[in-house]
Colleague: 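I have a structure here, written as structure tokens, and I will follow up with some questions on it.
Counting starts at 1 for both ligands and their atoms, in listed order. Owing to the predicted nature of the structure, the values given are computational and were not obtained by experimental measurement.
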Amino acid sequence: MNILVLGSGGREHALAWKIIQSKHCSKLFIAPGNAGTAQCGLNVDIGVNNFEEQKKFCLENNIDMLVVGPEEPLVKGVYDFFQQDDELKHIKVIGPSANGAQLEGSKAFSKKFMLRCNIPTASYAEFDETNFEEGKKYIAQHSLPVVLKADGLAAGKGVEICDTREEALKAFEEMIMHKQFGEASAKVVIEQFLDGIEASVFVLTDGKDYKIIGHAKDYKRIGEGDTGPNTGGMGCVSPVPFVDNAFMKKVEERIIGPTIKGLNNEKIIYKGFIFFGLISVDGEPYTIEYNCRMGDPETEVVMPRLKNDLVDLFLAVQNGSLQNIQIEFDERTYATVVAVSGGYPGDYRKNLKINKFENLKINAGTIIFQAGTKQTADGIVTNGGRVLAVTSCGDNIAEAVNRSKSVLEQIHFDGMYFRKDIGFEFGE
Ligand code: AMP
Ligand code: GLY
């Protein structure tokens, strides 16, 4: 099969790395890709939201399968675009319909869906310009901290956790009245703060059946000890010590099962990944959010741990035969550590030369996934905030993390930064 992956991050490098190991993959293309994906297949200079160019490319190159990495093309309807086109509808698209992608594309949609399906989540209310005054009253009587979320996609920036009501009122006004995140914050979800420890669970579904393909804990803050602003993710570990069989059983019974049943009952077309963002409050799982795609950097630990042929799983999603598949995991511990460009998640520089990729001392089982990188005549340069994600395995979290750090210590670009404490709360 000829396969096209959409995206250009570490997630897409990890997907491409896994897909080329499949017996089904003849040719792999990545649009637009990065310097790392270029080692797995052919990068194609087409944007993730440029459906017309994707169509042309798919027809010219006999593409059989489209694997969608990021959320934006899904929310914009890439699945539906392919399905509704007579020339494209034979192509197997891995990702939900635009309707299914609303699980991520609209916080209000996903909260209502969770309520209908009786899925544990923080209590909430939604507001827009028409009931703005009511929203202010809602904040005035709300417990603290209080969580405000822009309804739509806001490049990971639409959530504010406010410790005071003044802060919350200001954020509420900024979002709704001053359109802080444009149309994405025309509507705002205000919800109860849940105090606990987070983990993400990843599922592949055809909208009727599902398989859990992995889980991970992401470290979102830029600073060590989980301090400073939120980022896309600075590192991950998998498996996560508190995600044991008893916790996972609750997650399946209370969250994953009801979600898939809800999709089926509501006839929402969904053939792709679901990322369950969970929080454990005293051992009880709640859903913080859904994403309609894999996580980044979670994919960089989930794919190496997954033993199955990924394209086999994609075909089972398309054929409705997921229930016949047994998922197998590498039982070792995996960790990934992300190196970013100085200043990230604020302003940062690009086109910084990465000075060393050859002759590195690397443990067996360590993989350098590339994110914001670009190949130039002069070598590989940075091309984004998150630049590399180095994944390693080990007998425990500390060993895996140390192996990744020892590789990053041999690589250099101006302003390079990575957290040294990924997995810190799980000890040595
Ligand atoms: P989201 O964009 O929904 O992933 O939210 C970003 C981050 O905000 C999450 O990963 C959590 O750390 C935090 N968060 C979101 N909602 C809540 C909540 N109700 N209670 C506590 N933390 C939250
Ligand atoms: N690492 C979090 C995400 O991919 O949304």
Side-chain angles (χ1 to χ4, degrees), residues 7 9-12 14-15 68-72 74-75 101 103-111 114 119-126 142-163 168 171 175 181 184-185 188-202 214-222 226-238 240 273-281 284-303 336-338 340 345 369 371 385-386 389 419 422:
R11 167 182 52 213
E12 286 74 23
L15 288 171
V68 187
E71 63 278 12
E72 215 186 330
L74 292 165
V75 172
L103 284 185
E104 175 167 4
S106 165
K107 303 272 188 209
F109 177 97
S110 72
K111 294 296 281 191
M114 285 187 247
I119 290 168
T121 187
S123 61
Y124 84 107
E126 61 179 82
H142 202 286
S143 58
L144 292 172
V146 54
V147 184
L148 270 67
K149 298 185 173 182
D151 177 56
L153 294 183
K157 297 203 173 95
V159 175
E160 296 211 28
I161 297 172
C162 304
D163 289 321
M175 284 193 193
F181 301 106
S185 65
V188 168
V189 162
I190 301 181
E191 72 176 31
Q192 169 203 11
F193 176 80
L194 297 174
D195 197 4
I197 178 159
E198 288 177 66
S200 315
V201 176
F202 298 91
H215 75 268
K217 180 175 192 301
D218 180 18
Y219 292 77
K220 286 209 170 86
R221 305 292 197 93
I222 188 75
D226 288 340
T227 53
N230 256 329
T231 69
M234 296 296 293
C236 266
V237 299
S238 176
V240 182
F273 297 107
I274 308 182
F275 167 147
F276 293 84
L278 306 176
I279 191 162
S280 166
V281 181
E284 304 303 321
Y286 289 79
T287 310
I288 292 263
E289 61 166 349
Y290 293 114
N291 293 314
C292 61
R293 50 163 174 92
M294 286 298 290
D296 193 352
E298 290 90 336
T299 310
E300 290 94 304
V301 290
V302 168
M303 287 302 140
T336 196
V337 180
V338 175
V340 304
F369 291 119
R386 291 189 293 170
R419 272 182 66 169
I422 298 305

Colleague: If we ignore hydrogens and angles and just use 3.5 Å, is the side chain of Glu298 paired with the main-chain N or O of Ala216 as donor and acceptor?
Modeller: no

Colleague: Mind checking what makes ring pair (Phe, Tyr, Trp, His ring centres under 6.0 Å) contact with Tyr219, not counting sequence neighbours?
Modeller: none

Colleague: Can Val338 and Glu300 be said to form a side chain to side chain contact (heavy atoms under 4.5 Å, CB included), step by step?
Modeller: CA-CA 10 Å; Val338 175; Glu300 290 94 304; 5.6 Å; no

Colleague: Okay, side chain of Ser185, backbone of Ala150: is any donor-acceptor separation there less than 3.5 Å?
Modeller: no

Colleague: Between Lys111 and Asp151, does at least one N-O distance fall below 4.0 Å, as a salt bridge requires?
Modeller: no

Colleague: Between Glu191 and Lys107, is there a salt bridge with N-O shorter than 4.0 Å?
Modeller: no

Colleague: Which atom pair, heavy atoms only, marks the closest approach of Thr336 to Ile422?
Modeller: O-CG2, 4.0 Å

Colleague: Do Thr231 side-chain atoms and Lys220 backbone N/O form a donor-acceptor pair below 3.5 Å?
Modeller: yes

Colleague: Tabulated below should be the N or O atoms of ligand 2 paired with protein N or O atoms at under 3.5 Å; can you produce that?
Modeller:
from, atom 1, to, atom 2, distance (Å)
ligand 2, 1 (N), Asp218, OD2, 2.8
ligand 2, 1 (N), Gly232, O, 2.9
ligand 2, 1 (N), Asp296, O, 2.9
ligand 2, 1 (N), Glu298, OE1, 2.9
ligand 2, 1 (N), Glu298, OE2, 3.3
ligand 2, 4 (O), Arg293, NH1, 3.0
ligand 2, 4 (O), Asp296, N, 2.9
ligand 2, 5 (O), Arg293, NH1, 3.4
ligand 2, 5 (O), Arg293, NH2, 3.0

Colleague: Run through all N or O atoms in ligand 1 and write down each protein N or O closer than 3.5 Å, as a pair with its distance.
Modeller:
from, atom 1, to, atom 2, distance (Å)
ligand 1, 3 (O), Lys107, NZ, 3.1
ligand 1, 3 (O), Glu289, OE1, 3.2
ligand 1, 4 (O), Glu289, OE1, 2.9
ligand 1, 4 (O), Glu289, OE2, 2.6
ligand 1, 10 (O), Glu198, OE1, 2.8
ligand 1, 10 (O), Lys220, NZ, 3.0
ligand 1, 12 (O), Glu198, OE1, 3.3
ligand 1, 12 (O), Glu198, OE2, 2.4
ligand 1, 16 (N), Lys149, NZ, 3.0
ligand 1, 16 (N), Glu191, OE2, 3.4
ligand 1, 19 (N), Glu191, OE2, 2.7
ligand 1, 19 (N), Gln192, O, 2.9
ligand 1, 20 (N), Leu194, N, 2.8

Colleague: Let me have the donor-acceptor pairs involving side chains of residues 153-162, under 3.5 Å, with sequence neighbours excluded, atom names and distances please.
Modeller:
none

